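Note: hydrogens, waters and symmetry copies are ignored here, and every other heavy atom, side chains too, is used. Just so we're clear, the structure is a prediction, and the values are computed from it rather than from any experiment.
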Amino acid sequence: MDQQKGILLESGTNELEIVEFSIGQSKFGINVIKVKEIIQPVQVTKIPHSHPNVEGIIEIRGEILPVVDVAKALGYPQSDRPLEEKYIVTEFNQTKLVFHVHSVTQIHRISWEHIEKPSGMYQGLESQITGVVKMNDQMILLLDFEKIVVDINPDSGINIENVKKLGERERSEKKLVVAEDSPLLRKLLQETLNEAGFVHIEFFENGKDALSYLNSIVESGKAIEDEVQLLITDVEMPQMDGHHLTKQIKENQSLSVLPVVIFSSLITNDLRHKGQMVGASAQISKPEINLLVEQIDKHIL
C-alpha cells in the first residue's frame, strides 16, 4: 500500500491508480482514491421495496452501508464463480457504500493521458462509462459510479432546487469555463448555473481541452481576466485531470490570476490537501451546487 500512499500524497502528476475488477467477462476500473477497502462478501440484510440494484445492507465496524449489485446495475448476469466475488467499500460524494463485484484482480498506475473518453456513438447522455484504458491487449472500462448511485437515489445528484433557495438571481455577464467529462453533469451544471444567473459558460470534456482554450486566449494577445472570470473543474477526467489542470494554470504567469474552483466527488478531509497543493481557490464536494454558486459569487462578484 506504500505506492497508494505515494499517489495520495502527490498532486498534479496527471496519474491515477485504478483497482481492476471484473463483471462477467468484462474488465472495469475504479479510482483507488474512492476505495476504502476490499472485503469478502458477508451476510446481507435485505430491505423491503428497495431499489432493484440494491442487495440490502451490511454492517462494517459499526456503520450500516448499502450494497449495490454492480452486475445488475449494468445489466449483466450473475457470477458463475461465487467464491471469487468481492465487496469494494467506497467513499465519494460524501457517502460510503459497497459495490458487489465478481472478482478483483490488481491495481494499475496509469496516466490520464492514456485514458480515452468514450465515443458518442456508444456513450450517449446516460452512459455508465467515463473512460477506456487499453492495457495488455484488453480494455478496462472506467465506470461512472456517481451515475450508478444517482440512478438508485436521484436526490444524491445535483439539485436545481438548492439554487432556487438562494433567491432571485440577476443575470451575470461574467464568463465561466467548466471542465467536466460527464455529459449528464454538464447538462445539470448548465441548467443550475443558468438558474443562478450565469449564462456565459464554456464547457469542456477534459482538462486538456480547457487548458488549450485558455492558452488560445492568451496567445491571441488578450488578458485572461477580461475573457474568463472563473474556472470550475472536476478532478477525474480523461486526458488531463483537474489537479493537473489547476497546477498548469497556477504555474503559468498569464493564467495564474484565474480563480479555480474544484467541484468533485473526491473532496474529502483526506484528499483536500491535493487541491490545496496545486493552488485551487476553493474545493466543493459534489453534489453541493448551492455551495459552488456561493464560491463563484465570492470570487467574481
Side-chain angles (χ1 to χ4, degrees), residues 6-16 31 33 109-117 131 172-182 185-186 189-190 193 196-268 270-286 291-301:
I7 206 154
L8 288 174
L9 293 173
E10 295 162 22
S11 194
T13 63
N14 209 35
E15 290 181 305
L16 81 157
N31 194 334
I33 282 173
R109 184 167 184 161
I110 47 178
S111 166
W112 282 104
E113 285 178 18
H114 298 144
I115 298 172
E116 293 185 23
K117 70 174 194 289
S172 171
E173 292 306 312
K174 305 285 187 182
K175 183 164 180 185
L176 311 179
V177 168
V178 178
E180 166 61 65
D181 66 316
S182 161
L185 268 171
R186 285 198 299 274
L189 276 170
Q190 174 129 35
L193 290 173
F198 299 104
V199 289
H200 302 294
I201 312 170
E202 199 78 48
F203 283 91
F204 296 94
E205 294 183 357
N206 60 60
K208 190 177 180 183
D209 292 349
L211 185 62
S212 294
Y213 172 73
L214 298 175
N215 281 327
S216 71
I217 291 171
V218 172
E219 284 160 14
S220 71
K222 295 171 183 164
I224 193 71
E225 57 267 36
D226 295 339
E227 301 299 314
V228 178
Q229 280 69 58
L230 182 125
L231 173 92
I232 299 162
T233 181
D234 189 14
V235 171
E236 298 182 284
M237 295 179 288
Q239 300 298 309
M240 184 186 290
D241 73 11
H243 286 137
H244 192 64
L245 170 62
T246 307
K247 189 175 185 215
Q248 295 288 312
I249 289 169
K250 293 302 173 184
E251 288 179 355
N252 182 325
Q253 214 171 347
S254 304
L255 298 176
S256 59
V257 296
L258 189 64
V260 177
V261 178
I262 295 177
F263 185 54
S264 163
S265 63
L266 299 179
I267 307 300
T268 63
D270 290 345
L271 295 170
R272 197 169 283 277
H273 70 275
K274 291 175 81 78
Q276 290 165 349
M277 282 165 70
V278 292
S281 310
Q283 300 179 78
I284 306 295
S285 173
K286 289 177 182 173
L291 298 182
L292 175 66
V293 170
E294 285 170 14
Q295 281 299 326
I296 298 170
D297 289 353
K298 178 182 162 186
H299 283 95
I300 67 176
L301 291 188

remark   = Across all chains, not counting sequence neighbours, the ring pair (Phe, Tyr, Trp, His ring centres under 6.0 Å) partners of F203 are none
inquiry  = Among residues at least two apart in sequence or on other chains, which ones pass side-chain hydrogen bond (donor to acceptor under 3.5 Å, both in side chains) with Q239?
reply    = none
Test applied, side-chain contact (heavy atoms from CB on, under 4.5 Å); reference residue, V235; option that passes from K274, Q283, H244, H243 = H243
message = So, using side chain to side chain contact (heavy atoms under 4.5 Å, CB included) as the criterion, who are the partners of E251 when residues are at least two apart?
response = K247
task = Keeping to residues at least two apart or across chains, list the salt bridge (charged side-chain N to carboxylate O under 4.0 Å, His left out) pairs with something in residues 224-233.
result = none
query = Do you know the tightest heavy-atom contact between G279 and T246?
reply = C-CG2, 4.1 Å
inquiry  = Can you list everything that forms a side chain to side chain contact (heavy atoms under 4.5 Å, CB included) with K175? Sequence neighbours excluded, please.
reply    = H200, E202, Y213, Q229
Residue list, salt bridge (Lys or Arg N to Asp or Glu O under 4.0 Å) with E219, at least two apart or on another chain = none
message = How long is the straight-line distance from CD1 of I284 back to CD1 of I232, given to the nearest 0.5 Å?
response = 10.0 Å
inquiry  = Applying side chain to side chain contact (heavy atoms under 4.5 Å, CB included), can you list everything that pairs with N252, at least two apart in sequence or on another chain?
reply    = N215, S254, L255
request  = Would you indicate whether the side-chain heavy atoms of I296 and L193 approach each other to under 4.5 Å?
outcome  = yes
key: Enclosure of E173 CD (heavy-atom neighbours >12, cutoff 6.0 Å)   = yes
key: side-chain hydrogen bond (donor to acceptor under 3.5 Å, both in side chains) partners of S264, counting only residues at least two apart   = none
query = What residues, two or more places apart in sequence or in another chain, satisfy side chain to side chain contact (heavy atoms under 4.5 Å, CB included) together with S256?
reply = none
note = So salt bridge (charged side-chain N to carboxylate O under 4.0 Å, His left out) across residues 252-266, not counting sequence neighbours, yields none
ask   = Partners of Q190 by side-chain hydrogen bond (donor to acceptor under 3.5 Å, both in side chains), sequence neighbours excluded?
value = none
key: Contacts of type side-chain hydrogen bond (donor to acceptor under 3.5 Å, both in side chains), residue K208, not counting sequence neighbours   = none
